[in-house]
Amino acid sequence: MNGSMGQRLRIDLTNRTYEIEKLPESYYKKWIGGRGMNSEVVYHESFQGMDPFDPDNPLCFGSGPLVGSFAPLSGRTTISTRSPMTCSNMGTGIHGHGDTNMGGGWGPMMKYAGFDQIIVKGKSEKPVYVFVDDNKIEFKDASHLWGIGTKKATMKILEELGDHDIRVALIGPAGEKLVRFACVMNSFSASGGRTGMGAVMGSKNLKAIAVRGTNPVKIAHPQEFMKASWALREKIHNSPSAIRRRAEGSLDLFDVGNAIGINAHKNCSTGYMKDIETLYGGMQWANEFLFRRKACWSCPVGCGRYTYIKEGKYAGFNCGGPEMESLCNLGPRIDSEDIAGVTVMCGIVNELGMDSVSAGAALSWTMEAFEKGYITEKDTDGLRLEWGDVDTSIKVLDMIAKREGFGDLLAEGNIRVAEKLGVGMDIVPHCRGLEHISVDPRVALGFSLGYAMSTRGSDHLKNYSCLEFPGCAKSRAYQVDEVLKPATAKKFWDNFPSQMTQIDTKPELCNWSEKNKCIADAVGCCCQAIGSWGGAGTWKEAYAPLLKLATGFDYNDDEIFKTAERIINIERAHWLRDGSAIQDDTHIDRYFDEPVAGGPHKGLKLDREQWAWAQQEYYALKNWDNFGFITDDKALDLDIPEIIPDMEKGKKIFSDWVIKTTA
Ligand code: SF4
């Protein structure tokens, strides 16, 4: 097998056994790898109504055919399972597909150990960690690691195994306590943050998977592959966006995001935070706190950071990270101007093993709920959270991870908190139970539609409609022509640069960009290289040639694109078989009723009629029916006929719910 290792590892924690499964070439052609393989397994090996904490819920760690090769940015790992965090508007007990994508260097080492994917099922009686050492698999006691943070536990495992080149993916105290937004960490600051993969790991009593390997990744056409990889590395390395990102990290997006009015300020309500450029600017942050830069596997960009705080209240604090989403969701989202304190919070969240977006959302929801009088100290064990209060926020983060006091409730995720307290559902910015990241959905309408249509709940990383941002489309003019139909491309240009706020081009843009991103996830490369600012061009320019040279497969670009469509549809089918369709492809009323409070787009809000148009237009592009269900024709075209009976079951659940709620 070229590109891939040709096999996956299945681990049964209940019986402490394992099985190595050989996979045919046809399987890789159908699913590519990484996210594709994972989504296939998660759909077929979970079932409608399954509790995500059921020991049989498959937890998959997948790498792609470019992972561990010389291809640039090729160190990604997708982790997927049925998510405990996400849910449907039909009820918080209805779950669907979840996944997260992490950098670092764990995925390449899993491949060197001989596996494209590790699937974990069952539940260990006692805390355990698994050591995959080439083809040797060991189950090791993790009782002494239980309760220990991710950085310290990583060090202990490396010392125990006696080799600091081993890579460890692990959970912190939050995962052990089944915090629904617990993450998986590796390489000290590379986080697989979203949708609660760490909680499922914790539910299996699995603290960590350590990997070490010595097998090479075979390449079908090595000389041409090296030549093409070198050329792409050079192109990315020297691109203006990579140069800026190397210097500022992903914090380079802060001033841009705020200037165009999409900031998540104050629980994603205002769109804009005054003077943020001087507080959170990438260079200011680097000058004050950057200890050194770091890069994921085989990456010429190096946007990763190590932090060291030299002076002041937090003098001596050090951590891996932060990256932009963490800083934004723990900073402007809670209206804090304390950049040092917020940087410390980012480090704490990683050590406790929580998704920084949902953690920031938990804090900001509580602050707004206090402000609106929805809750009082009676609901929070005497605790009060005010906007910008970093000290209390740090305490609350610890309480969430340990499920202590009010933290136990916040650990359930904002939707379930609002449901339990019977207040504040109107101030939970989410889609499918997953809280929004730092882009205001009333302003950037490509991201907005992408949030709603994302197969893992609200998230930009499934969609990545960056072309809509001012400057991005202009700098990548040919992409617009390549991506969109001529008539739509013309609209882009005619409306530039204000097209970010116009919806008419967005269904088509969304439909294209989600496939672009899906291919990056499936081959195992970082999305920061592709898209409008990445310097590498589209998937077709960047990864399609490398994929063909690595695997030796002769599939054409349309077939690769169709594979992405298959992956997206199997993830969507996971939701649909539980009845989650059009009713969940939307935003909360706040974004339709309450205008943006400040910044360049003050006064803007979503329009219900336009939204309904965009939904239907998007469904038509996908060949889904008017309620968002995958049609039989589409399932047959994508060679996933097995989903057809599940669609019928899902339609029944959906129609029963409609009848019940309209009666
Ligand atoms: S661009 Fe940043 S996140 Fe992506 S692979 Fe490189 S270092 Fe990692």
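Note that ligands are numbered from 1 as they come in the structure, with each ligand's atoms numbered from 1 the same way.
When V132, V168, N186 are each tested for a side-chain contact (heavy atoms from CB on, under 4.5 Å) with I209, only one passes: V132.
A salt bridge does not link R180 with D355: none of the charged nitrogens is closer than 4.0 Å to a carboxylate oxygen. The pair K462-D99 meets the salt-bridge criterion, since a charged nitrogen lies less than 4.0 angstrom from a carboxylate oxygen.
The nearest heavy-atom contact from the protein to atom 8 (Fe) of ligand 1 is C296 SG, 2.3 Å. The protein non-hydrogen atom at the shortest distance from atom 2 (Fe) of ligand 1 is C303 SG, 2.3 Å.
In summary, the atoms of ligand 1 found under 4.0 Å from a heavy atom of C299, numbered by their order in the structure, are 1 (S), 5 (S), 6 (Fe), 7 (S).
For the residue pair T78/N101, the side-chain donor-acceptor check at 3.5 Å is satisfied.
At least one N, O or S atom of C526, from either the backbone or the side chain, sits less than 2.8 Å from atom 4 (Fe) of ligand 1.
Using a 4.5 Å heavy-atom threshold, the side chains of T551 and Y28 count as separate.
Not a single heavy atom of G103 sits less than 4.0 Å from an atom of ligand 1. In this structure, E323 does not count as a contact residue of ligand 1, since none of its heavy atoms falls inside 4.0 Å of the ligand.
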